[in-house]
K.L.:
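If you scroll down you'll find the structure; I have some questions about it.
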Amino acid sequence: MRRAVLALVVTVVAVVLLAGYDTHPPRMANPQAALRPPARHAPAPKPGTRTARGPLMTTPFSVIQVEATLTHGRLTGVRTVYLTGDGPHTEALNARAEPILRREALRAGSADVDVVSGATYTSESWKRSLQAAIDRARG
């Protein structure tokens, strides 16, 4: 009988502790946040160069906008104009994914790049905004 009571008490304590356990995403600093205010005075474009922004794309966790620069129809510049996160965890994922996406898009010369593992929503939305920007820049 004592064993049953002890087991019951231990079980109740464990359930109460587990029910009160509150999880939070890891808190990480975001030193390379991609959120930057737009430039106030853009330099005059070089001949044969066109720049356009894609639409604001939303995910369940972020809002994203990408700008593409084409020189003679070739992708020569990519800039993330707007990239937010709904918390520190998302911001850290976005800060890791954005430079990878930008580098790979410039390397590929298009928006046809792989998603970054762990940042699928961000990657897909970033790529869609970039493709729309490329399409707009091509006219």
K.L.:
For Glu98 and Thr80, which I'm curious about, is there any donor-acceptor pair between the side chains at under 3.5 Å?
P.N.:
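A pair is found: one side chain offers a donor N or O, the other an acceptor, under 3.5 Å apart.
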
K.L.:
If you round to the nearest 0.5 Å, how far is CD of Glu104 from OG of Ser110?
P.N.:
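It is 10.5 Å, given to the nearest 0.5 Å.
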
K.L.:
For residues Ala52 and Ala137, report the shortest heavy-atom separation together with the two atoms involved.
P.N.:
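Smallest interatomic distance, heavy atoms only, reads CB-N, 3.5 Å.
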
K.L.:
State, to 0.1 Å, how close Arg50 and Arg136 come at their nearest heavy-atom pair, and which atoms those are.
P.N.:
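Heavy atoms of Arg50 and Arg136 come nearest at NH2-O, 4.4 Å.
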
K.L.:
For residues Ala108 and Val113, report the shortest heavy-atom separation together with the two atoms involved.
P.N.:
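So the two residues come closest at CB-CG1, 4.1 Å.
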
K.L.:
Taking side chain as C-beta onward, heavy atoms only, is Arg128 less than 4.5 Å from Ile64?
P.N.:
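Arg128 vs Ile64: side chains apart.
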
K.L.:
Would you say Tyr121 and Leu130 are hydrophobically clustered, going by side-chain heavy atoms of ILVMFWY under 4.5 Å?
P.N.:
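No: no chain of side-chain contacts under 4.5 Å links Tyr121 to Leu130.
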
K.L.:
Check whether any side-chain heavy atom of Leu75 sits under 4.5 Å from a side-chain heavy atom of Ile134, and report yes or no.
P.N.:
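Leu75 vs Ile134: side chains touch.
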
K.L.:
Measuring from Lys127:NZ to Asp112:CG, what's the distance to the nearest 0.5 Å?
P.N.:
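So the gap between those two atoms works out to 6.5 Å.
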
K.L.:
Please report the interatomic distance CD(Glu124) to CG(Leu101), rounded to the nearest 0.5 Å.
P.N.:
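If we round to the nearest 0.5 Å, Glu124:CD and Leu101:CG are 9.5 Å apart.
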
K.L.:
Would you tell me whether Ser125 and Thr59 have side-chain atoms, one donor and one acceptor, within less than 3.5 Å of each other?
P.N.:
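Result is no, nothing qualifies.
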
K.L.:
Out of curiosity, does Trp126 fall in the hydrophobic cluster containing Ile100 (side-chain heavy atoms, cut-off under 4.5 Å, transitive links)?
P.N.:
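Ile100 clusters together with Trp126.
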
K.L.:
Specify the closest pair of heavy atoms between Pro99 and Ala95, including all atoms of both residues, with the distance to one decimal.
P.N.:
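Between these two residues, the closest heavy atoms are CD-O, 3.1 Å.
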
K.L.:
Taking the side chain as every heavy atom from C-beta outward, state whether His89 and Phe61 have any pair of such atoms under 4.5 Å apart.
P.N.:
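Side chain of His89 against side chain of Phe61, heavy atoms only: no contact under 4.5 Å found.
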
K.L.:
Which atoms form the tightest heavy-atom contact between Ala119 and Ala97, and what is the distance?
P.N.:
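In terms of heavy atoms, the two residues are closest at CB-CB, 3.7 Å.
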
K.L.:
Of Thr49, Thr51, Thr76, which meets side chain to side chain donor-acceptor pair (under 3.5 Å) against Thr69?
P.N.:
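Exactly one candidate clears the test, Thr51.
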
K.L.:
Using the side-chain contact (heavy atoms from CB on, under 4.5 Å) rule, take Leu70 and Arg138 through it: C-alpha gap first, then chi angles, then the decisive distance, then the call.
P.N.:
CA-CA 8 Å; Leu70 278 64; Arg138 286 192 174 136; 3.4 Å; yes

K.L.:
Around Asp86, counting heavy atoms of other residues, nucleotides and ligands shown, do more than 12 lie under 6.0 Å from its CG?
P.N.:
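Yes - once you tally the heavy atoms of other residues, nucleotides and ligands closer than 6.0 Å, there are more than 12.
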
K.L.:
Are side-chain heavy atoms of Arg96 and Val116 found at a separation under 4.5 Å?
P.N.:
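Touching, per the 4.5 Å side-chain cut-off.
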
K.L.:
How many angstroms lie between atom OG of Ser62 and atom CG of Leu56, to the nearest 0.5 angstrom?
P.N.:
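Here the rounded value is 12.0 Å.
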
K.L.:
Please tell me whether Val115 and Leu106 are part of a single hydrophobic cluster in this structure, the criterion being side-chain heavy atoms less than 4.5 Å apart.
P.N.:
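No; tracing contacts between hydrophobic side chains, which count when under 4.5 Å, never links both residues.
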
K.L.:
Taking all non-hydrogen atoms of both residues, which atom of Gly85 and which atom of Thr90 are closest, and how far apart?
P.N.:
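Heavy atoms only, the tightest pair is CA-CG2, 3.8 Å.
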
K.L.:
Counting neighbours of CG on Asp135 that are heavy atoms of other residues, nucleotides or ligands and sit closer than 6.0 Å, is the number greater than 12?
P.N.:
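Check passes, neighbour count above 12.
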
K.L.:
Does any part of the side chain of Met57, heavy atoms only, come nearer than 4.5 Å to the side chain of Gln65, both counted from C-beta?
P.N.:
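When only atoms from C-beta onward are counted, Met57 and Gln65 do not touch, as no gap falls below 4.5 Å.
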
